[in-house]
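For reference, the structure discussed in these notes is given below.
First the proteins, then the strands, lettered A, B, ... as listed; each starts at 1. Everything numeric here is computed off the predicted structure, so don't read it as measured data.
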Protein chains: 2
Amino acid sequence: MARKTKAEAALTRDRIVTCARQVFSREGVTNTSLETVAKEAGVTRGAVYWHFRDKADLFIAVRQQTGTLLRFADFRTGDALERLESGLQAALDRLRTDQQALETYEVMLWKCEYVGAFASVRQDLMSASSLFLTEVTELYDEAVRMKQAPANLDPALAARETLCFYAGLLKLWLADETGVTVRAEVRQLIARHVAGRRLQKAV
Amino acid sequence: MARKTKAEAALTRDRIVTCARQVFSREGVTNTSLETVAKEAGVTRGAVYWHFRDKADLFIAVRQQTGTLLRFADFRTGDALERLESGLQAALDRLRTDQQALETYEVMLWKCEYVGAFASVRQDLMSASSLFLTEVTELYDEAVRMKQAPANLDPALAARETLCFYAGLLKLWLADETGVTVRAEVRQLIARHVAGRRLQKAV
DNA sequence: AGATTTACATACAGACATGTATGTAAATCT
DNA sequence: AGATTTACATACATGTCTGTATGTAAATCT
């Protein structure tokens, strides 16, 4: 077949990743055949195998294309607890407004089996959790130093609780199609969670 | 083949379910072939198809064999918040001491894709979440009435936060093989979470 | 005791997925 | 401008899984 331009090839690769995400979210990662992905992207399996070693490699590309939901570094205004809340709210907002992020996280949290080649991906997720812990611990630490949180608050422990809350929230939010379980009240949920850390309990 | 006694057949069925759980947790649900399960159980696929319609049906049996992790009804001593904490602690304790429960939840939370026939299973999980919400809401309601929790605590919202915390905790606990993320401090985590609801903040 | 199920094992038929090997024409390199 | 890659498409070889149909001897029913 006629060779494509570098730019064209990059587009092809991108189309494959995009289609893979969609097919993954429809049919689940394991049930997805690379043939299906290829067809959806208007290429053959040859193209897929040229750009990616195997399905696990493609899956990693899907994750990278979407990137991470949560970037506390993006929030520099307000006190530590305000920045924490902003970060969490922004993450959940993105799920609502960004179809791509929605699909990717649907796949990661509900449509993927972390076994075999995918076991290492789970390690990645846990690494991301560690990063989250580090950042949130620092935020709580700052909150304590600034007297916004009670002095007896253990930043590391509180951060772990927040991590659990966040992980569960993401997972339940995605599954809560009716909206009654958590979707309808995400904002208040997050606000409440963070408010619970403040020195003057307001909620 | 020689027909088995009803009792023998029940044992066979049970062996199949047990082996299915183990294979599922090793290889993931989708990657598991019924042939593998059958071999492990010392039977052929004929037996598996005799007892179960298909893999999804078998998966449901695996869930039923283990049952639910959390039964607040089991705890009748102490105030509402103490009962809440006891329930949560007991659930996580079970994961530590009950290999079967461990495997089942590993499968449900990390080794299963909720797609196609399994989509309805996810509905079931959300129904269980609703039940959890009902029970915990009632506990918080009682805590408020008994002045153990602040009057401005919204039981329904607090219950949702606890649900998220619990869901995330389960998921992270299972993946935290090194223990550094949450496993080492589950007890304090749960204690802290519940203590955060008490009128006199202690943590 | 005979008729009927039951609890499987065996056999069959077909679909589907994977990885690799090979071909090729145009981009890109020199 | 020629040599070399590149970006795929095509073809091949193979393994695997599913669902069902059929067989059968012993339990269970009547």
Side-chain angles (χ1 to χ4, degrees), chain A residues 1-20 22-24 26-62 107 111-113 115-119 121, chain B residues 1-20 22-24 26-62 107 111-113 115-119 121:
Chain A
M1 199 225 180
R3 176 179 177 184
K4 300 288 179 60
T5 283
K6 268 192 209 170
E8 287 174 322
L11 286 183
T12 300
R13 194 194 120 104
D14 213 64
R15 257 187 6 255
I16 292 172
V17 174
T18 297
C19 292
Q22 294 167 354
V23 179
F24 285 166
R26 278 205 322 265
E27 319 195 348
V29 175
T30 314
N31 273 318
T32 296
S33 74
L34 296 185
E35 171 75 27
T36 306
V37 173
K39 251 183 199 152
E40 201 104 344
V43 294
T44 67
R45 273 168 54 239
V48 176
Y49 275 102
W50 202 86
H51 286 287
F52 308 96
R53 229 166 58 103
D54 53 20
K55 201 198 283 178
D57 196 30
L58 178 54
F59 179 77
I60 290 172
V62 167
V107 171
K111 277 115 184 239
C112 179
E113 298 177 3
V115 171
F118 288 85
V121 179
Chain B
M1 197 228 182
R3 177 178 178 187
K4 300 288 178 62
T5 282
K6 269 193 206 168
E8 287 175 324
L11 286 183
T12 299
R13 194 194 120 103
D14 213 63
R15 261 193 354 260
I16 292 172
V17 174
T18 297
C19 292
Q22 294 166 354
V23 179
F24 285 166
R26 280 205 320 264
E27 319 194 348
V29 175
T30 314
N31 273 317
T32 295
S33 74
L34 297 184
E35 171 74 26
T36 306
V37 172
K39 251 182 199 153
E40 201 105 344
V43 294
T44 67
R45 271 169 54 239
V48 176
Y49 275 102
W50 168 252
H51 286 286
F52 307 96
R53 230 165 58 103
D54 52 21
K55 201 198 283 178
D57 196 29
L58 178 54
F59 178 77
I60 290 171
V62 167
V107 171
K111 277 116 184 240
C112 180
E113 299 177 3
V115 171
F118 287 86
V121 179

Rounded to the Å, how far apart are Lys55(A) NZ and dT18(C) C1'?
-> 10 Å
With a 4.0 Å cut-off on heavy atoms, is Thr36(B) in touch with a base, just the backbone sugar-phosphate, or nothing at all?
-> nothing
Positive for side chain to side chain contact (heavy atoms under 4.5 Å, CB included) with Tyr49(B), one of His51(B), Arg53(B), Arg45(B) | Arg45(B)
Sugar-phosphate, base or nothing in reach of Ser33(B), heavy atoms under 4.0 Å | sugar-phosphate
dA25(C) pairs with, by Watson-Crick or G-U criteria that keep both distances under 3.5 Å = dT6(D)
Please report, rounded to the nearest Å, how far the C1' atom of dT18(D) is from the CG atom of Asn31(A).
-> 12 Å
Would you kindly give the CG-to-C1' distance between Leu58(B) and dC17(D), to the nearest whole Å?
-> 15 Å
Nearest-nucleotide wise, let me know which of Thr30(B) and Val48(A) is further upstream toward the 5' end of DNA chain D.
-> Val48(A)
At under 4.0 Å between heavy atoms, what does Thr32(A) touch on the DNA or RNA strands: base, sugar-phosphate, or nothing?
-> sugar-phosphate
Under 4.0 Å: is that the gap between some side-chain N or O of His51(A) and OP1 or OP2 of dA7(D)?
-> no
Starting at OH of Tyr49(B) and ending at P of dC12(C), how long is that distance when rounded to a whole Å?
-> 18 Å
Between dA11(C) (C1') and Glu35(B) (CD): distance, integer Å = 13 Å
Under the 3.5 angstrom rule, does the side chain of Thr44(B) hit a backbone N or O of Gly46(B) as a donor-acceptor pair?
-> yes
Watson-Crick or G-U counterpart of dA13(D), or none if no pair lies under 3.5 Å | dT18(C)
To the nearest 0.5 angstrom, please state how far the NZ atom of Lys6(A) sits from the CG atom of Leu11(A).
-> 14.5 Å
Find the distance between NZ (Lys4(B)) and OG1 (Thr12(B)) and round it off to the nearest 0.5 Å.
-> 5.0 Å
Should the pair Phe59(B) and Phe118(B) be assigned to parallel (<30°), tilted (30 to 60°) or perpendicular (>60°) ring geometry?
-> perpendicular
What's the closest nucleotide to the Ala9(A) side chain, out of dG19(C), dA7(C), dC8(D)?
-> dC8(D)
Separation of dA7(D) atom P from Asp14(A) atom CG, nearest Å, is 15 Å
Quick one: look up who dT30(D) pairs with, Watson-Crick or G-U, both distances under 3.5 Å, and put none if it's unpaired.
-> dA1(C)
Whole Å only: how far is the CZ atom of Arg45(A) from the C1' atom of dA7(D)?
-> 16 Å
In Å and rounded to the nearest 0.5 Å, what is the CZ to CH2 distance from Phe52(A) to Trp50(A)?
-> 11.0 Å
State which residue, out of Thr32(B), Val29(B), Leu34(B), fulfils the side chain to side chain contact (heavy atoms under 4.5 Å, CB included) condition with Leu58(B).
-> Leu34(B)
Measure from CG on Asp54(A) to C1' on dT20(C) and round the result to the nearest Å.
-> 14 Å
Contact pattern, 5' to 3', of nucleotides 22-30 of chain C - B, S or - by protein heavy atom under 4.0 Å = -BBBBBS--
